[in-house]
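Heads up, the thing below is written out as structure tokens.
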Amino acid sequence: MPTATAAQLSSEAARAFVERSHGLLIGGESVAAADGRTFETIDPATGEPICAVAHGGAADVERAVGAARAALEGPLRKVSASKRAGMIYKLAELIKANGDELAELESLDNGKPLASAKGDVAASIAHLRYYAGWPTKIEGETIPVSGRDLFVYTLREPVGVCAQIVPWNFPLLMAVWKISPALAAGCPLVLKPAEQTPLTALRLGELALEAGFPEGTVNVLTGDGETGAALVDSPGVDKVAFTGSTVVGREIGAKCGRSLKRVTLELGGKSPNIILADADLEAAVKGSFQGIYFNSGQACNAGSRLFVQAELFDEVVSRLAGFAAEAKVGPGLDPESQFGPLISEEQFARVTGYIDSGLAEGAEAVAGGLPEGAGNGGGYFVNPTLFTGVSDEMKIVREEIFGPVLVAQPFESLDEVAARANDTEYGLAAGLWTRDISNAHKLAALLKAGSVYINTWGAGDPAAPFGGYKSSGIGREKGHHNLDAYLETKAVFTQL
Ligand code: NDP
């Protein structure tokens with residue numbers, strides 16, 4: 001029987017997917033969890049269950065890791081680089097062919113507006129197409145060494161079985177960011193989506209099979225944090241890639257340090273966005289508004305700390321508050337909605353807790369609050385919220401909120417704002433708006449962040465690296481940087 005939530009879907013294929021049973025994808029088959037457990041995934045716009053999904057446990061982790069190992073040592077090793085490239089490209093084509101289904105599933109499961117979900121599908125296709133170009137270009141070197149009569153060359157080999165743990169804010173796109181470089185390098189993987197958003201990862205796993213990857217190359221384990229922890233602990237895993245909170249990232253990094261597994265971490269942020277007095281005001285305000293409220297603020301690179309040069313401060317705040325008042329917040333599947341709900345009751349409590357803490361610490365909310373009925377069985381909606389009158393010490397200024405909450409502060413000089421912008425444990429992204437090219441590059445050099453946006457926010461490309469300084473992570477995703485994280489280098493010495 002279609003649930004009330006599934007009935008909202010207009011894609012027949014998406015409805016049919018929701019109504020199917022949802023096992024774990026292990027070794028090319030959909031299987032129940034060894035102990036038969038399931039959990040419900042929830043529609044964040046209503047708080048109602050969408051469907052039940054298998055809950056992978058420790059025994060399933062070992063099955064999935066075993067299937068990945070068997071693929072690595074068997075059929076996957078025999079796939080040539082050009083065939084692998086073709087499979088990655090075909091996966092991109094299959095995502096395109098099934099784009100409406102994937103976008104609707106994502107919008108339903110995550111709550112994001114359908115147009116944003118379609119954007120994620122398009123970005124996923126672009127990502128796979130980019131990495132489809134790599135398998136045929138992974139080359140070693142010949143090394144001129146000093147020892148006599150030695151011929152030395154390097155081989156670049158897949159790092160091994162990969163555990164890939166992704167969050168709920170861009171479920172399909174984050175899964176694609178993870179699997180593309182692994183597949184390009186020839187690594188099999190076990191993908192663990194977030195418990196809030198398991199659906200598109202399961203569909204992605206099916207499409208990978210359809211694209212021709214040998215069984216066991218792409219395994220998908222739905223479950224919770226314990227499933228993820230068991231995966232990280234599995235002795236059969238060679239490399240862990242994680243995107244999520246800094247707290248869990250630290251734990252995973254420490255475990256991987258002890259077991260000497262390769263690890264890349266893409267974690268939280270509290271990214272500064274700086275508007276200088278000579279900026280194109282209209283572009284700066286529009287860009288800054290999207291920079292924080294896009295995806296309802298649930299983005300690791302959200303521009304959550306706004307610094308405005310003092311003479312422009314009141315004008316910028318008043319324009320942002322005007323946009324916020326007009327913003328349409330609603331269910332993702334409603335075409336009118338610009339911003340969807342937060343992902344879960346837990347996240348709703350967390351974000352509203354931060355708003356309360358801001359008010360208690362004396363900040364002034366010039367926009368925001370909750371739509372009528374929100375949180376009480378009416379979906380996890382929070383309006384775009386803007387605080388002024390904040391100090392650098394307040395919790396809402398220092399901690400990652402991961403919701404639609406912006407704090408705005410005035411500044412006087414470039415050096416002052418660079419120091420305040422960098423006064424955070426995080427370093428994922430930073431942005432600045434100015435017409436002065438010299439100030440732009442001076443500030444870009446001073447800001448301690450993995451991405452710096454000049455006169456834009458959130459720009460990216462599959463070829464350009466993305467990742468964090470400081471507590472925002474280790475390593476880079478995208479581009480050849482991420483491919484390197486899935487390769488080992490072997491030096492071969494031959495006595496001539
Ligand atoms: P988590 O870091 O807990 O979750 C991210 C992923 O890790 C999920 O797949 C989760 O599984 C899994 N996981 C959880 N615990 C472990 C563990 N011990 N070992 C291995 N894997 C684990 O984020 P939350 O969903 O709890 O969100 C909390 C906060 O994290 C947010 O408010 C935000 O600040 C931040 N966050 C940052 C993200 C980013 O893109 N940088 C993305 C998401 C959250 P499961 O969800 O099934 O428990």
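Since this is a predicted model, take the numbers as computed values, not measurements. Just so you know, residue 1 is the first one in the sequence shown, and it goes up from there.
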Between Val220 and Pro193, what is the shortest heavy-atom contact and its length?
-> CG1-CD, 4.0 Å
Tell me, yes or no, whether the heavy-atom count around Lys137 atom NZ, taken from other residues, nucleotides or ligands under 6.0 Å, exceeds 12.
-> yes
I'd like a table of donor-acceptor pairs (distance under 3.5 Å, sequence neighbours excluded) in which one partner is a side-chain atom from residues 474-483, with atom names and distances.
residue: Arg476; atom: NH1; partner: Gly468; partner atom: O; Å: 3.3
residue: Glu477; atom: OE1; partner: Lys178; partner atom: NZ; Å: 2.9
residue: Glu477; atom: OE2; partner: Lys178; partner atom: NZ; Å: 3.1

dist Phe339:CZ -> Gln298:CD (nearest 0.5 Å) comes out at 12.0 Å
Non-neighbouring partners of Glu206 that pass side chain to side chain donor-acceptor pair (under 3.5 Å), sequence neighbours left out | Arg20, Arg203
Output for pair (Leu91 CG, Ile179 CD1), nearest 0.5 Å, gives 5.5 Å
Geometric class of the Tyr131/His127 ring pair [parallel <30°, tilted 30-60°, perpendicular >60°] = tilted
Evaluate the salt bridge (Lys or Arg N to Asp or Glu O under 4.0 Å) criterion for residues Arg319 and Glu326: first the C-alpha distance (whole Å), next the side-chain angles of each, then the deciding distance (0.1 Å), finally the verdict.
-> CA-CA 11 Å; Arg319 288 193 190 202; Glu326 285 166 18; over 6 Å; no
Residues forming a ring pair (Phe, Tyr, Trp, His ring centres under 6.0 Å) with Phe402, sequence neighbours excluded = Trp168
Is there any salt bridge (Lys or Arg N to Asp or Glu O under 4.0 Å) pair reaching into residues 350-377, and which pairs are they, with sequence neighbours excluded?
-> none
Roughly how far apart are Glu19 CD and Ile50 CD1, rounded to 0.5 Å?
-> 12.5 Å
Less than 3.5 Å apart, which donor and acceptor atoms pair up between the side chains of residues 263-273 and the rest of the protein, not counting sequence neighbours?
residue: Thr264; atom: OG1; partner: Lys239; partner atom: NZ; Å: 2.8
residue: Lys270; atom: NZ; partner: Ile396; partner atom: O; Å: 2.8
residue: Lys270; atom: NZ; partner: Glu399; partner atom: O; Å: 2.8
residue: Ser271; atom: OG; partner: Ala429; partner atom: N; Å: 3.4
residue: Ser271; atom: OG; partner: Ala429; partner atom: O; Å: 3.1
residue: Asn273; atom: OD1; partner: Trp433; partner atom: NE1; Å: 2.8
residue: Asn273; atom: ND2; partner: Ser288; partner atom: OG; Å: 2.9

CG of Leu276 to CG of Asn439: how many Å apart, nearest 0.5 Å?
-> 6.5 Å
By side chain to side chain donor-acceptor pair (under 3.5 Å) - contacts of Asn110 (at least two apart) = none
Hey, could you give me the CZ/CD distance between Phe17 and Glu12, rounded to the nearest 0.5 Å?
-> 15.0 Å
Check whether the side chains of Tyr453 and Asn301 place a donor and an acceptor atom closer than 3.5 Å, and report yes or no.
-> yes
Expected list for residues 442-449: side-chain donor-acceptor pairs under 3.5 angstrom, two or more places apart:
none

Just wondering, are more than 12 heavy atoms of other shown residues or ligands nearer than 6.0 Å to NZ in Lys255?
-> yes
Any chance the side chains of Glu104 and Ser10 put a donor and an acceptor closer than 3.5 Å?
-> yes
Between the side chains of Thr200 and Glu106, is a donor N or O closer than 3.5 angstrom to an acceptor N or O?
-> yes
Mind checking what makes side chain to side chain donor-acceptor pair (under 3.5 Å) contact with Asp423, not counting sequence neighbours?
-> Arg398
Under the ring-ring contact (aromatic ring centres under 6.0 Å, His included) rule, what do Phe466 and Trp177 come out as? Steps first, then yes or no, please.
-> CA-CA 11 Å; Phe466 180 82; Trp177 276 24; 5.4 Å; yes
Point-to-point distance, once rounded to the nearest 0.5 Å, from CZ of Phe381 to CZ of Phe348 = 10.0 Å
List for me each residue that meets side chain to side chain donor-acceptor pair (under 3.5 Å) alongside Lys192, sequence neighbours excluded, and say none if there are none.
-> none
State which residues pass side chain to side chain contact (heavy atoms under 4.5 Å, CB included) with Ser124; sequence neighbours excluded, sorted by chain then number.
-> Leu172, Leu173, Val176
Crowded around Glu346 CD? As in, over 12 foreign heavy atoms under 6.0 Å?
-> no
Could you list all the salt bridge (Lys or Arg N to Asp or Glu O under 4.0 Å) pairs where at least one residue sits in residues 374-396, not counting sequence neighbours?
-> Asp392-Arg420
With sequence neighbours left out, write down each residue that passes side chain to side chain contact (heavy atoms under 4.5 Å, CB included) with Asp100, or none if nothing qualifies.
-> Lys118
